[in-house]
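Down below is the structure, laid out as structure tokens.
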2 protein chains.
Amino acid sequence: MGNESHSRNSSQPTWMGVRDAIHTRILRRDYGPGARLPRDEELAGEFGCARTTVQRAMRDLQDRGLIERRRKGGTWVRHHPLTRATFEIPVIRQEVEEKGCTYGYQLVHQAVAMPPLEVQANFGNWPTEPMLQVQALHLADHRPYMYEDRWLCLQTVPALGTVDLSRQSANEWLVHHQHYDRCDLRLYAHKVTAHEAGLMGVASAEAVLVLERTTWIESRLITSVRTLTRPDYQLLATT
Amino acid sequence: MGNESHSRNSSQPTWMGVRDAIHTRILRRDYGPGARLPRDEELAGEFGCARTTVQRAMRDLQDRGLIERRRKGGTWVRHHPLTRATFEIPVIRQEVEEKGCTYGYQLVHQAVAMPPLEVQANFGNWPTEPMLQVQALHLADHRPYMYEDRWLCLQTVPALGTVDLSRQSANEWLVHHQHYDRCDLRLYAHKVTAHEAGLMGVASAEAVLVLERTTWIESRLITSVRTLTRPDYQLLATT
DNA sequence: GAGTGGTCTAGACCACGGC
DNA sequence: CCGTGGTCTAGACCACTCG
């Protein structure tokens, strides 16, 4: 039944021990796909622990997408366990410097304009209005590392109007001066245009990973940015 | 101080209420980047709740990448909050059917062979040995939806040798017969080859998103699969 | 209405790790 | 060593939701 490697001693089960025991039962189909698990209280009795401990174990299994829990409905084994992948999106300067490279930044274009429809698509109900567009390159050892096309909301962050974005990236300024409480992400492949290829220093029509991020504070739009990575860029996750 | 929208009433703070209050203080730089927070017990006293409740709030802030906690070291505001994105990787049949399409499957190639080096790179210390390679198309309304190039470990899952993979996808068989307890993911952009373009029914040299997954059970390799999506495929996440 | 999970408490002990 | 977070308990009440 699992070797209980997480328990401190036999008389006091840990939540990890309980979790592993239940996980094992799911893997062995003692609790098969779609099956209903015993009530927390019952399991607590079986394992000789408090109901809180079972709860802690169950929350972990739920976070991992193995079970579903509903008040009154009880706990159920998912028919198909969810595969959830968590990626960490790094701060660009930090990522570059952690690779032992010198970070650099170069402003390409800046103007106030009306965002095109495909950008507005990220904004939900947010009213259409002119925004500050900033296109810039992030460099590693003086070579292009990432290209970003960003739209900034001057209504939400008026201070941006006074920042010299040729010296400091909007990314960096925002990290230090404007927190967010919501972030939408979109990830897809993109064939670079001739213009983008020139800026990035890659072959024309190369395939690159695009990361689109839209951030908000208290339901007010801050910025939407489309980031083009180098063709060899990979996102890694271990579940 | 935040409007405590998560508290049931003023006399009994909820962990979400406490979390939001602390979050607000971080946003307002009452607890600035790199600062140390008061001990849990102290905060519990301030909020008039049990230490357990503060713990629950802190764990959530930690999961969201806003703070770091260490025994004896205390709780600290991260200099740069982590941006974590969680994506759900769907079961293919389910994903297709949820879009209202008919799911289909077509085996392209199957053979036992030695996996090439770039595939072995996903296997860590796992010994090199012949594996079952399966290339197949997943269809939506009879049109190509995804292409997968998969390597299966016959040592770990001998039963696979007897499965007719021209009728049922390895994906589906594995979901029903072989659970995993570890999954490594890798995500990148790829320019399709002429061969892949022909199979997928897309223009040659098109950019597509590739999802590589390697799964394990009790430290034994199960399978490694490289999935090519359609050019318009996007992964979405809301943090 | 009633069964089930979700949360809170007060107190205890443990484990990690900085000093 | 000893301060701090991590976990466990036993019991209580609450909130959601299914039948």
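Chain letters run A, B, ... following the sequence lines, proteins first and then strands; every chain starts at 1. The shown structure was predicted, so the numbers you read here are calculated from the model rather than taken from an experiment.
Rounded to an integer number of Å, the gap from NZ of K72(B) to C1' of dG3(D) is 4 Å. In this structure, CZ of R19(B) is placed 16 Å from C1' of dC8(C), rounded to the nearest angstrom. Distance CE (M16(B)) to C1' (dC14(D)): 14 Å, rounded to an integer number of Å. Note: CH2 (W15(A)) to C1' (dT9(D)) measures 17 Å, nearest angstrom. With rounding to whole Å, R71(A) atom CZ is found 7 Å from dG6(C) atom P. The distance from atom CZ of R51(B) to atom C1' of dG3(D) is 11 Å, rounded to the nearest whole Å.
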Worked check of salt bridge (Lys or Arg N to Asp or Glu O under 4.0 Å) between E88(B) and R78(A): CA-CA 14 Å; E88(B) 300 206 343; R78(A) 296 192 78 105; over 6 Å; no

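Sequence neighbours left out, the pairs with a member in residues 75-96 of chain A that pass ring-ring contact (aromatic ring centres under 6.0 Å, His included) are H80(A)-H176(B), F87(A)-F87(B). Listed by first and then second residue, the salt bridge (Lys or Arg N to Asp or Glu O under 4.0 Å) pairs that reach into residues 53-65 of chain A are R19(A)-D60(A), D60(A)-R64(A), sequence neighbours excluded.
Residue-level contact check: G73(B) touches neither bases nor backbone, having no heavy atom under 4.0 Å from any strand. Here R70(B) lies in heavy-atom contact (under 4.0 Å) with sugar-phosphate atoms only.
Shown here for P13(B) and T53(B), the closest heavy-atom pair between the two residues is O-CG2, 4.2 Å. Scanning all heavy atoms of the two residues, the minimum distance from A140(B) to V96(B) falls at CB-CG1, 3.8 Å. A pairwise comparison of heavy atoms in Y147(B) and A136(B) identifies CD1-O, 3.3 Å as the closest pair. Residues P144(B) and L137(B) share a closest heavy-atom pair of CB-CD2, 4.2 Å.
Contacts between residues 53-69 of chain A and DNA chain C, defined by a heavy-atom separation below 4.0 Å, involve Q55(A), R69(A), listed by number. Annotation: proximity of residues 34-43 of chain B to DNA chain D (heavy atom, distance under 4.0 Å) is found for R36(B), R39(B), D40(B), numbered in ascending order.
For E218(A), the side-chain contact (heavy atoms from CB on, under 4.5 Å) partners at least two apart in sequence or on another chain are D181(A), R220(A). A search for side-chain contact (heavy atoms from CB on, under 4.5 Å) contacts involving S169(B) returns Y103(B), Y105(B), H138(B), N171(B), E172(B), not counting sequence neighbours.
The shortest distance between the side-chain N/O atoms of T75(B) and the OP1/OP2 oxygens of dG5(D) is below 4.0 Å.
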